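Just below is one structure, and these are the notes that go with it.
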Amino acid sequence: MKLIRKGDGRFDMALDVEEWQALKKLVSQYPKTPEDHHSLTCKDEPDPDLKDSDDWLKESGSVHQAQRHRQIRAWIDSIHPDQDEATYKIEFDPSKADWLIEILNDIRVGCWLSLGCPAPEDLTEAEWREEDWPTLWAMEISGMYQSVLLKCLM
Amino acid sequence: MFVNAEPMVLPGIDPRSDQQTKESLDSGYLVICWDDPINLMDYVTHVFQKVFGWNRAKAEHHMMEVHQQGKSLLTRASMETAEHYVHQLHRYNLHATMEKAE
């Protein structure tokens, strides 16, 4: 994944076929984080004044995820390889980059939750079951793509 | 000649002023972001910039507070504004909560 142009707040990235396939596979997993993962207040000290707002927040989160899911489908369909069939050029403005970073983070956090919220040291030292490998892969690779995009935004 | 008299104010308690005071006190909510081991440091900084419109230095300062102290008090706002901020932070999957300011 290479930065090939940057200016006026926009940037273009070039991905080879494997990189694009990996990114496509990742974002297709959205949404990965459960809708009810967040709460307005600390879960052990719920504020009764915010109960309605909390319910509304969950409802709104569900609508947001559905909207993002449609956007992802449209975005994937809009990306085509260059004439050489070996490179995918993706143009980003700050809003599109922010959007993709948010999507990738949802996948990263969702994978981490489904792995049981391991501490950083457990990620490298624990003996993971083979069925967890795809989740570990998705968590790590989404973080890598996030880092690249965040650096391009700086 | 008619002269406007000074309005005379008698001591007493206006129930409305009591209500207003209560509302202004209730308007204080703290927005707190908590540490977690999964969100990238650069990502947290990016989200603070997007949600609060802060410059990078201020966003990094709060990100480091989250990272080193386990949490950072991001802002104090009315209930509606605090809800808005927490909602935005949740959309970015940061662990944020709000609580009444004491």
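Not measured: the values here are computed from a predicted model.
Among the candidates A:His64, A:Glu102, A:Met139, A:Lys151, the residue making the largest number of heavy-atom pairs closer than 4.5 Å to chain B is A:His64.
For B:Leu89, no part lies near chain A; criterion is any non-hydrogen pair under 4.5 Å. Within the 4.5 angstrom heavy-atom criterion, only backbone atoms of B:Ala96 (N, CA, C, O) approach chain A.
The CG atom of A:Leu40 sits 5.5 Å away from atom CD of B:Glu83, with the distance rounded to the nearest 0.5 Å. The CZ atom of A:Arg68 sits 7.5 Å away from atom CZ of B:Arg91, with the distance rounded to the nearest 0.5 Å. A:Leu153 contributes atom CG, which lies 6.0 Å from atom NE2 of B:His46 (distance to the nearest 0.5 angstrom). Here the NZ-OG distance, from B:Lys50 to A:Ser95, works out to 6.5 Å after rounding to the nearest 0.5 Å. Here the straight-line distance linking atom CG of B:Leu40 with atom CG of A:Leu150 works out to 7.0 Å at 0.5 Å rounding. Atom CG of B:Asp42 is separated from atom CE of A:Met154 by 3.5 Å, given to the nearest 0.5 angstrom.
Within 6.0 Å of NZ in A:Lys96 there are more than 12 heavy atoms belonging to other residues, nucleotides or ligands. Heavy atoms of other residues, nucleotides or ligands lying less than 6.0 angstrom from CD of A:Gln83 number 12 at most. Crowding of B:Arg56 atom CZ: a count of heavy atoms from other residues, nucleotides or ligands under 6.0 Å exceeding 12. Within 6.0 Å of the CG atom in A:Asp8, the count of heavy atoms belonging to other residues, nucleotides or ligands does not exceed 12.
A:Gln146 and B:Tyr43 make their closest contact through NE2-CD1, 3.3 Å (heavy atoms, listed as atom of the first residue, atom of the second, distance).
Hydrophobic clustering of Ile, Leu, Val, Met, Phe, Trp and Tyr side chains at less than 4.5 Å, counting indirect connections, keeps B:Leu73 apart from B:Met79. Each of A:Ile101 and B:Ile38 belongs to its own hydrophobic cluster when Ile, Leu, Val, Met, Phe, Trp and Tyr are linked at side-chain heavy-atom distances under 4.5 angstrom. Side-chain heavy atoms closer than 4.5 Å link hydrophobic residues (I, L, V, M, F, W, Y) into clusters, and following such links, even through other members, never connects A:Trp128 to A:Trp137. Hydrophobic clustering, with ILVMFWY side chains joined whenever heavy atoms are under 4.5 angstrom apart, groups A:Leu149 together with A:Ile90. Hydrophobic clustering places A:Trp75 together with A:Tyr88 (ILVMFWY residues linked when any side-chain heavy atoms are closer than 4.5 Å, directly or through intermediates).
Within the 3.5 Å criterion, the main-chain N or O of A:Thr33 finds no donor-acceptor partner in the side chain of B:Asn93. With A:Arg108 contributing its side chain and B:Asn39 its backbone, the two residues share no donor-acceptor pair below 3.5 Å.
Residues A:Trp112 and B:Pro37 are in side-chain contact: their nearest non-hydrogen atoms beyond the backbone lie under 4.5 Å apart. You'll find the side chain of A:Val109 stays beyond 4.5 Å of the side chain of B:Tyr92, heavy atoms only.
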